[in-house]
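To find a chain, count down the sequence lines: A is the first, B the second, and so on, and within it residues start at 1.
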Number of protein chains: 2
Amino acid sequence: MKTKDLRVVKTKKAIYQALTHILKNKSLTDINVSELCRQAGVNRGTFYFHYEEVGDVFKEFFEEVILDLQESYKEPYKYISALQLKSSVYKNLDPKTVRIFHHVKKYEDFYHIILSDNVSTTYYYMFFDAIRSNFIEDSKIGEYDESKKFVYSFMTNAIIGLIIEWHRSNFKESVDDMNIHLVQTLSAIARN
Amino acid sequence: MKTKDLRVVKTKKAIYQALTHILKNKSLTDINVSELCRQAGVNRGTFYFHYEEVGDVFKEFFEEVILDLQESYKEPYKYISALQLKSSVYKNLDPKTVRIFHHVKKYEDFYHIILSDNVSTTYYYMFFDAIRSNFIEDSKIGEYDESKKFVYSFMTNAIIGLIIEWHRSNFKESVDDMNIHLVQTLSAIARN
DNA sequence: ACTGTTATTGTACAACTGTATAATAACATA
DNA sequence: TATGTTATTATACAGTTGTACAATAACAGT
């Protein structure tokens, strides 16, 4: 048993598509359950059988995106740009960090919503915790070092700070530009 | 003319008090307009005359808090702890940054809400922009340096990263502890 | 094809939302 | 104290919310 029920698959797909459709014209915060169900052709009671609020649907979406972020960390360095391999500017840059920018650019539309104003902080912290766990994964040789938890949160949110700035410029900078900004920022801090 | 209308003052005060009262037992997200007005003894229509949602009341609150943050930046260094003046660990730490931790500790209850899960990102960005503008203020000799905007956002959000970690430990660390964590984090980064 | 399970629907309900209107009361100013 | 202004109230309305229920249809496994 435990095969996925086709009814559920169909319902959720309808809701997904309805949400992405409405999101083209409206911000996430302004979409209500009734409208979403009307668009999806799904009974409102059915919605509440699976979710509690509209944001939960988006959250389910974003969980997939976060999964992709984790995946990209485990893969070999295929995402690293040619630019990086050539330039000596990058010699001190951890290639794993570089992938975050690739990932964000890939899911640009998502991160525009997540980093926008007047949205639940839930998504922000999903992103935060994902990056943070990668930082921990990278640096730990043996066990988790409790004393470094502030260092992890500092670095994690610092990277997101760059991405917030990126978001505010409508992601107009290229991934390579962001790499350069990261290197320059780090060296600027090291100078002080 | 343009004296403040006593009716408005009275109404807003009633709503303020009602909100702070309800916040003791409920999270901001769970408070609705009707409940707030019932508690405040204010007509619901009056509420909508001044605000659009419950969060706007909290936002008006938080604007005062942010004002205090800006104030503290302009004051002399009276907030700096005795610990800092003695220890040589702090020799490289900008005393202005130290005040942020003082400020957050002072308004601990506020920042517990603002940094909690499932709250609007609006307050986060209010905090972000306040700190960021202070960073810019500090570093600019002449005019605003557009090329450094990523450095500003990096450092700003990095500091907030520490505060997020602080928040997650229920602010159990002292302000001096946080100063130490900041110094240690910065030196850890400089080492790489 | 049969059967037990359960997701889905339609319906109903009280409470909340956002907006609008007219009447009233509280206000600032001269 | 009188006057013009406007914040507040009471009321009303259509739409949304969250929950509950019974009936039905769609499903998975044998």
**Student:** Quick one: list whatever passes ring pair (Phe, Tyr, Trp, His ring centres under 6.0 Å) with A:Tyr16, sequence neighbours left out.
**Tutor:** A:Phe61

**Student:** Please state how far atom CG in B:Asp5 lies from atom C1' in C:dC27, giving the value in whole angstrom units.
**Tutor:** 5 Å

**Student:** Who passes side-chain contact (heavy atoms from CB on, under 4.5 Å) against B:Glu53, sequence neighbours left out?
**Tutor:** A:Asn118, B:Asp56

**Student:** Between D:dT17 atom P and B:Glu35 atom CD, what is the distance in whole Å?
**Tutor:** 18 Å

**Student:** Round to a whole Å and report the spacing from CZ of A:Phe49 to C1' of C:dA7.
**Tutor:** 6 Å

**Student:** Nearest-Å distance, CD1 (A:Ile31) to P (C:dT17)?
**Tutor:** 20 Å

**Student:** Where each residue is assigned the nucleotide of DNA chain C containing its nearest heavy atom, which of A:Lys10 and B:Val54 is assigned the position nearer the 5′ end?
**Tutor:** A:Lys10

**Student:** Using whole Å, report how far CG of A:Leu6 lies from C1' of C:dA7.
**Tutor:** 12 Å

**Student:** Going by number, which of residues 14-29 of chain B have a non-hydrogen atom under 4.0 Å from DNA chain C?
**Tutor:** none

**Student:** Using ring pair (Phe, Tyr, Trp, His ring centres under 6.0 Å) as the criterion, list what pairs up with B:Phe171, not counting sequence neighbours.
**Tutor:** B:His112, B:Trp166

**Student:** To the nearest angstrom, how far is B:Asn32 atom CG from D:dG15 atom P?
**Tutor:** 21 Å

**Student:** Determine: side-chain N/O of B:Ser34 to OP1/OP2 of C:dT17, distance under 4.0 Å, yes or no.
**Tutor:** yes

**Student:** Please list, chain by chain and in numerical order, all residues satisfying side-chain contact (heavy atoms from CB on, under 4.5 Å) with A:Arg168, sequence neighbours excluded.
**Tutor:** A:Ile164, B:Tyr125, B:Phe128, B:Asp129

**Student:** Rounded to the Å, how far apart are B:Asp30 CG and C:dC16 P?
**Tutor:** 14 Å

**Student:** Under the side-chain hydrogen bond (donor to acceptor under 3.5 Å, both in side chains) test, which residues partner B:Arg7, sequence neighbours left out?
**Tutor:** B:Asp5

**Student:** At a cut-off of 3.5 Å, list every protein nitrogen or oxygen paired with a nitrogen or oxygen from nucleotides 1-5 of chain D, distance to 0.1 Å.
**Tutor:**
none

**Student:** Under the side-chain contact (heavy atoms from CB on, under 4.5 Å) test, which residues partner B:Lys13, sequence neighbours left out?
**Tutor:** B:Gln17

**Student:** Identify each atom pair where a protein N or O and an N or O of nucleotides 18-21 of chain D are less than 3.5 Å apart, giving names and distance.
**Tutor:**
unit_1: D:dG18; atom_1: OP2; unit_2: A:Tyr48; atom_2: OH; d: 2.4
unit_1: D:dG18; atom_1: N7; unit_2: A:Arg44; atom_2: NH1; d: 2.9
unit_1: D:dG18; atom_1: O6; unit_2: A:Arg44; atom_2: NH2; d: 3.2

**Student:** Check side-chain hydrogen bond (donor to acceptor under 3.5 Å, both in side chains) between B:Ser153 and all other residues, then give those that pass, not counting sequence neighbours.
**Tutor:** A:Glu165, B:Arg132

**Student:** Take a 6.0 Å sphere around NZ of B:Lys105 and say whether it holds more than 12 heavy atoms from other residues, nucleotides or ligands.
**Tutor:** yes

**Student:** Looking at the side chain of B:Thr46, which of C:dC27, D:dT9, D:dC27 is the nearest nucleotide?
**Tutor:** D:dT9

**Student:** How close or far is atom P of C:dT9 from atom CZ of A:Phe47, stated in whole angstroms?
**Tutor:** 13 Å

**Student:** Can you list everything that forms a ring pair (Phe, Tyr, Trp, His ring centres under 6.0 Å) with B:Phe150? Sequence neighbours excluded, please.
**Tutor:** A:His181

**Student:** Restricting to ring pair (Phe, Tyr, Trp, His ring centres under 6.0 Å), what partner residues turn up for A:Phe62, sequence neighbours left out?
**Tutor:** A:Tyr111

**Student:** Give the cluster check for B:Met178 versus A:Val151: same hydrophobic cluster or not, with ILVMFWY residues linked at side-chain heavy-atom distances below 4.5 Å.
**Tutor:** no

